[in-house]
Amino acid sequence: MTTSDQPPRLGVLLPTREQAILGDFSASPLLEFARQAESLGFDSLWTGDSLTARPRLDPLVVLSAAGAATHSIQLGTAALTPALRHPLIGANMVSSLDHVCGGRLIMGLGSGFPVPETEAEFTAVGASFAGRAGRLDEIAALWRTAWGDDRVDTFNGRYWQAEQLDRLPRPPRPGGPPLWLAGSDTARVLDRVARLYDGWLPFLPSAQAYGSAWQRLESLRAEAGRPEGAVVPGFYATITVGPDEAGAKAELEHYIDHYYGRTLEQMSTIQAYAWGTAEHCADWLAGYVRAGARHIVIRIGSLRPEPQLQEIAEVVLPAVRAVTA
């Protein structure tokens, strides 16, 4: 089956950052959200990562609990910043998590959002912010070496050297969970995804930009000698569902201000946002599916997203699945 023949899939983000903004770090509401998302038919469940820039509960710990609380829904990071952890510890944690959730894991990886808060976060853990894209690629290579069937025991990279990799536990799946790059549509990002990653998870503001980038990425993937379907075209979108456009936009603006300390107008230049009725949001997402997206991760743009979850499942989920490229 080619990528274009694959049915669209829809996932939802766990509200770990939203809880932190409200000063509530309770695990039970997150697990109830996870169970409800699975029962409502979502394909996947995701959580973000940040230590001090945008604090929240650790994503690998949260997904471990969510994996025990659910049965079949895929679990993913959108996105993990591997540089915040030593790569050997990261390799062991990811492998352990994939065992806990029965091989349902997708690892969306990011090199770090280019803002001062993220640079300070790197400094806090002694990680280098400079060259972070190359460092991420090397961590991914180290992980795959540790997880490989040939049990190579040594890794010698530009940034990292490691021994006794063969002593680390391997994940339940050969080669480990798929690694997606959460990035934009720059030439460098597309080249890295085409050569090195199993999926692409951007948040481009327009479907037209997404379609152009995906076509270029597929061309680069073929040039790199990788088979069709080697890269999953993902998409990260924020939607706020409400009965009227003005009310939904006001809720989204409140959310963005508290999440980023920036305005919706500012963030809309680099990220994908939609607001209004569920039908309107479904139509907007359909444009990305027609442009090539096959696994959409929805972040609900509300500090209290639970009331919107069922309507999104009832209206947006079937509408997106029904779209043909």
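Count residues from 1 along the sequence.
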Quiz item: What pairs with A68 under side chain to side chain contact (heavy atoms under 4.5 Å, CB included), at least two apart in sequence or on another chain?
Solution: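 Partners of A68 under the side chain to side chain contact (heavy atoms under 4.5 Å, CB included) test: none.
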
Quiz item: Mind checking what makes side chain to side chain contact (heavy atoms under 4.5 Å, CB included) contact with S50, not counting sequence neighbours?
Solution: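 Here the qualifying residues are A53, R54, R56, E121.
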
Check: residues 305-312 side-chain donor-acceptor pairs under 3.5 Å, at least two apart:
| from | atom 1 | to | atom 2 | distance (Å) |
| --- | --- | --- | --- | --- |
| Q308 | OE1 | V241 | N | 2.8 |
| Q310 | NE2 | E314 | OE2 | 2.8 |

Quiz item: Looking at W160, F155, Y159, which hits side-chain contact (heavy atoms from CB on, under 4.5 Å) with P87?
Solution: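 That would be W160; it is the only one of W160, F155, Y159 passing the side-chain contact (heavy atoms from CB on, under 4.5 Å) with P87.
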
Self-check item: Passing option when L57 is tested against D49, L30, T47, L14 for side-chain contact (heavy atoms from CB on, under 4.5 Å)
Solution: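 When side-chain contact (heavy atoms from CB on, under 4.5 Å) is applied between L57 and each of D49, L30, T47, L14, only L30 qualifies.
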
Practice problem: Determine which pairs satisfy salt bridge (Lys or Arg N to Asp or Glu O under 4.0 Å) with at least one residue from residues 65-77, sequence neighbours left out, and list them in order. | Solution: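 Listed by first then second residue: nothing to list.
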
Practice problem: Would you list the pairs meeting salt bridge (Lys or Arg N to Asp or Glu O under 4.0 Å) in which at least one residue belongs to residues 136-150, sequence neighbours left out? | Solution: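 Sorted result for residues 136-150: D137-R192, R144-D198, D149-R170.
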
Quiz item: V231 and L217: which non-hydrogen atoms are nearest, and at how many Å?
Solution: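 Closest approach of V231 to L217, heavy atoms only: CG1-CD2, 4.0 Å.
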
Quiz item: Can you name the nearest heavy-atom pair linking A224 to R195, along with the distance?
Solution: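 Minimum heavy-atom separation between A224 and R195: CB-CG, 4.1 Å.
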
Self-check item: Evaluation steps, side-chain contact (heavy atoms from CB on, under 4.5 Å), between W275 and C281
Solution: CA-CA 6 Å; W275 59 87; C281 291; 5.6 Å; no

Quiz item: With sequence neighbours left out, which residue pairs that include part of residues 234-244 fulfil the side chain to side chain donor-acceptor pair (under 3.5 Å) condition?
Solution: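 Qualifying pairs: T238-R299.
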
Would you please name every residue forming a side chain to side chain donor-acceptor pair (under 3.5 Å) with [X], sequence neighbours left out?
X    : value
S302 : E251
Q266 : T263
R321 : D43

Exercise. Could you check R35 against E32 for salt bridge (charged side-chain N to carboxylate O under 4.0 Å, His left out), going step by step and ending with a plain yes or no?
Key: CA-CA 5 Å; R35 285 187 286 263; E32 179 55 34; 3.6 Å; yes

Quiz item: Does a side-chain N-to-carboxylate-O contact under 4.0 Å join D191 and R221?
Solution: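 Here D191 does not pair with R221 in a salt bridge, since their nearest N and O are not under 4.0 Å apart.
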
Quiz item: How are the rings of F235 and Y288 set to each other: parallel, tilted or perpendicular (split at 30° and 60°)?
Solution: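 Correct class here is parallel.
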
Quiz item: When the ring planes of Y255 and Y259 are compared, do they come out parallel, tilted or perpendicular, using 30° and 60° as the limits?
Solution: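 Aromatic pair Y255/Y259 classed tilted.
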
Quiz item: Other than V315, which residues form its hydrophobic cluster under the rule that side-chain heavy atoms must be closer than 4.5 Å?
Solution: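 Besides V315, the hydrophobic cluster comprises nothing; the residue is isolated.
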
Quiz item: Other than F129, what residues sit in its cluster of Ile, Leu, Val, Met, Phe, Trp and Tyr side chains whose heavy atoms are under 4.5 Å apart, directly or through others?
Solution: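 Listed partners: L51, L84, F122, V125.
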
Quiz prompt | Any pair counted as ring pair (Phe, Tyr, Trp, His ring centres under 6.0 Å), so long as it reaches residues 35-59, sequence neighbours left out | solution =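 Every pair satisfying ring pair (Phe, Tyr, Trp, His ring centres under 6.0 Å) with a residue in residues 35-59: W46-W180, W46-H295.
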
Exercise. For atom CD of E245, decide whether the heavy atoms of other residues, nucleotides or ligands shown that lie under 6.0 angstrom number more than 12.
Key: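 Counting neighbours around CD of E245, 12 or fewer heavy atoms of other residues, nucleotides or ligands fall under 6.0 Å, so no.
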
Self-check item: Flag for Y210-Q215: side-chain donor and acceptor within less than 3.5 Å
Solution: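 The criterion, which ignores hydrogens and geometry beyond distance, is not satisfied for Y210 and Q215.
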
